[in-house]
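Here the structure is laid out as structure tokens; the discussion comes afterwards.
Fair warning: this is a prediction, and the values are worked out from it, not measured in the lab.
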4 protein chains.
Amino acid sequence: MSKGTDFLNKDREKFKIAVDIFSSKGYHSTTMDEVAQAMGVAKGTIYYHFKNKDELYLCTTQLGISILEIMAREAIGQHTDSREKIVALIESYLLFMHDYAGIAYIFLRELFGDHNRRDFFREATKSYQKLIQNVLEEGQRAGAFAGDLNAEICASSIFGMIFTVAIHYLQVYGELSMDVVKDNICKLIFHGLLEV
Amino acid sequence: MSKGTDFLNKDREKFKIAVDIFSSKGYHSTTMDEVAQAMGVAKGTIYYHFKNKDELYLCTTQLGISILEIMAREAIGQHTDSREKIVALIESYLLFMHDYAGIAYIFLRELFGDHNRRDFFREATKSYQKLIQNVLEEGQRAGAFAGDLNAEICASSIFGMIFTVAIHYLQVYGELSMDVVKDNICKLIFHGLLEV
Amino acid sequence: MSKGTDFLNKDREKFKIAVDIFSSKGYHSTTMDEVAQAMGVAKGTIYYHFKNKDELYLCTTQLGISILEIMAREAIGQHTDSREKIVALIESYLLFMHDYAGIAYIFLRELFGDHNRRDFFREATKSYQKLIQNVLEEGQRAGAFAGDLNAEICASSIFGMIFTVAIHYLQVYGELSMDVVKDNICKLIFHGLLEV
Amino acid sequence: MSKGTDFLNKDREKFKIAVDIFSSKGYHSTTMDEVAQAMGVAKGTIYYHFKNKDELYLCTTQLGISILEIMAREAIGQHTDSREKIVALIESYLLFMHDYAGIAYIFLRELFGDHNRRDFFREATKSYQKLIQNVLEEGQRAGAFAGDLNAEICASSIFGMIFTVAIHYLQVYGELSMDVVKDNICKLIFHGLLEV
DNA sequence: GATGAATGAGCATTCATTCAT
DNA sequence: CATGAATGAATGCTCATTCAT
């Protein structure tokens, strides 16, 4: 944990400010002056705690993403049934989108972003998708999920679908009605589109 | 159609160059010098055809996105059965990702991007999701798809899942094996995860 | 007479357009594109007639200033009395300001302008002031004007006062009421401020 | 008082440098690089204190013009007699031209300049002319000056004449012999041209 | 620890000028 | 004679970073 992460951890208000600015303006359009002013400190102070802008951004994002990781692991941990685990994961992702939409935006943006930081976010994504994938494979071995499905592809699908729907909702309706979204995603994931 | 779109339309090579650079380096990290040099023209030439960097970027992206729209509409047009339409849409999206991955990156990046250009991309996204949504609702009326599903949420889900999986594949395996991905997504979408 | 002067002389409409643009926007803020568009010709056409922007500007201004010279010489020529000559000169200057305010602005601006073109305008000014000075000296020799006055200083004074008042009027009242201005300037010049 | 005015006020050397460059090369032909180099600071330093080139120019000119205002008000304040006030005003203007010729050039140039900044300079000019006008009206009420003269026109005349003569002298002789100029202008203003 | 004035490399943009048609 | 697409040198401005206090 770097000096900077420490700084943001101790002062969660400043963390939120950093997330707000970076998520609403993007990395490049956010200036260090703006961050400093929004945080109510001098620019030099930020450079005292962070080596450079990139470190500030990365620390901010890392801290935010670690929250998602904790939420997801906790969600899974509370269940033994694969299906219930999937539901819990969906719930936790949606909750994260609801509570930390700024971070989510940054995360997705960087996931599709340019070379510079993509690797870091790819790793994070892989680990989240792996979380889903593990539950899927576990479920397949237990005979709960169809064995002929490629768990990797399904995990990636579920990951992408949740975030896309959540952001669609946030953008179109301004708010995320979690129950409706959760129910529909669960139905789609578990039973598919076809009428039986 | 602006002067700039004209320029890119007539010289598809330059269009591809613009897409390549913007998708690999991102908007901000791409300099007009680089674009000019890569296109083999003077910087002034670009400014003769485009008002500024933003217009160059937007024209490039718009042209790219219009390709997706054409592909998607053609795909749907060749089928009457709702289920086959969905399959065709998935195929066309994957084909687009395969042939125009750069555009797809830009598209997704901006979809989650900062306020400046988000609106433009949101509209484009909405129109694609609407395409899916219409097919879904048509299928529901025909009794092919489960009537209790929210078509809007499902459309957004399908949209997000396809792109996410495709990019995951491109990032992890460097190439998109379309058949495998298509088959799995179809299975998941049509029948769901559960073993029957 | 250069090719350019010819061009402007033959097409007085284009001359007026050039004066309008240069006087309202200044030399540097006027682009060749603007001039070409306002004249209704292609940029290349202008470069066909003028070597460069500077020549266009100089030809335009020279032509304008020559008008003032003709007006002033005609005014003087119609009188033999020194005092009447002065009145006629004032009238002609005011008339010029009234009819060719654009030229007058350019003239004065350049008179106080930077090094580049100052010399040319200085010469023109000197010649106008000399015109006044000659009349003054003539009048002094004839005993009409006070002999202890420095004719050079007085000529310069009169020149400056006329233009300044005229522009003051144009700027403050939007229009030049020539009679009022002329009367007052004559009174001031001939009798001075003091109550007798 | 803006940050920039502060900067120039504290470091009068830099103020003089700015005046020198702007007056000798004009606004457009002066580059920020030149100003920075002449001042011995980095370009960024200038942009730290001034929002842009225009603000630098305006602050510089404003500061210069305020000097003229102070000089003029001091000159008037030391006298009670209207005629003596006029003489003092003339003296102060000539002194200003002598000490701050650069500012005077900028001032006059802008007074006849293009639309952009003209308004600002017009206001300044009006206030100076008003200064003269007030003294003239005061003198008229006291019976010292001819009552049938339009004070506004006379004030503008006097203003223009002083500056024009002073600049004429500077340009022709390279130096301003103040006594000669002052005496002649006073004679002309007070008694007029006519031999009595 | 904290500050904010100073820096300068980097970049978008402008525009006079050219020249092939 | 006339055109207008192409050029590239020139320049205003930004902003991450440093460092003396």
Begin from the C-alpha positions of B/Tyr57 and B/Glu110 and carry the test side-chain hydrogen bond (donor to acceptor under 3.5 Å, both in side chains) through to its verdict.
-> CA-CA 11 Å; B/Tyr57 182 69; B/Glu110 292 297 339; 2.5 Å; yes
Begin from the C-alpha positions of A/Lys16 and A/Asp20 and carry the test salt bridge (charged side-chain N to carboxylate O under 4.0 Å, His left out) through to its verdict.
-> CA-CA 6 Å; A/Lys16 280 184 185 168; A/Asp20 270 2; over 6 Å; no
For DNA chain F, the dot-bracket notation using Watson-Crick and G-U wobble pairs below 3.5 Å, [ ] for pseudoknot-type crossings and | for other-strand pairs, is .||||||||||||||||||||
Each nucleotide of nucleotides 11-21 of chain F classed B (base within 4.0 Å of a protein heavy atom), S (only sugar-phosphate) or -, in 5' to 3' order, makes SSBBSSBB---
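Cation-pi geometry between A/Lys126 and A/Phe121 is not met: the NZ or CZ atom fails to fall both under 6.0 Å from the ring centre and inside 45° of the normal.
Taking atom CD of B/Gln37 as the reference point, atom C1' of F/dT7 lies 15 Å away to the nearest angstrom. Rounded to a whole Å, the CE atom of A/Met39 is 16 Å from the P atom of E/dG4.
Aromatic ring pairs are classed by plane angle as parallel below 30°, tilted from 30° to 60° and perpendicular above 60°; the pair B/Phe112 and A/Tyr105 is perpendicular.
The phosphate of F/dA2 (OP1 or OP2) has a side-chain N or O of C/His49 nearer than 4.0 angstrom.
Using a 4.0 Å cut-off on heavy atoms, none of the residues of residues 15-22 of chain D approach DNA chain E.
C/Asn52 is linked by a side-chain hydrogen bond (donor to acceptor under 3.5 Å, both in side chains) to nothing, counting only residues two or more places apart in sequence or in another chain. Residues that satisfy the side-chain hydrogen bond (donor to acceptor under 3.5 Å, both in side chains) test with D/Lys51, not counting sequence neighbours, are absent from this structure.
Taking both residues in full, the closest heavy atoms of A/Arg109 and A/Phe22 are given as NH1-O, 3.2 Å, listed atom of the first, atom of the second, then distance.
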Donor-acceptor contacts under 3.5 Å from residues 37-46 of chain C side chains, at least two apart:
unit_1	atom_1	unit_2	atom_2	d
C/Lys43	NZ	C/Asp33	OD2	3.1
C/Thr45	OG1	C/Ala42	O	3.3

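Between D/Asn9 and D/Phe15, the closest side-chain pair of non-hydrogen atoms is not below 4.5 Å.
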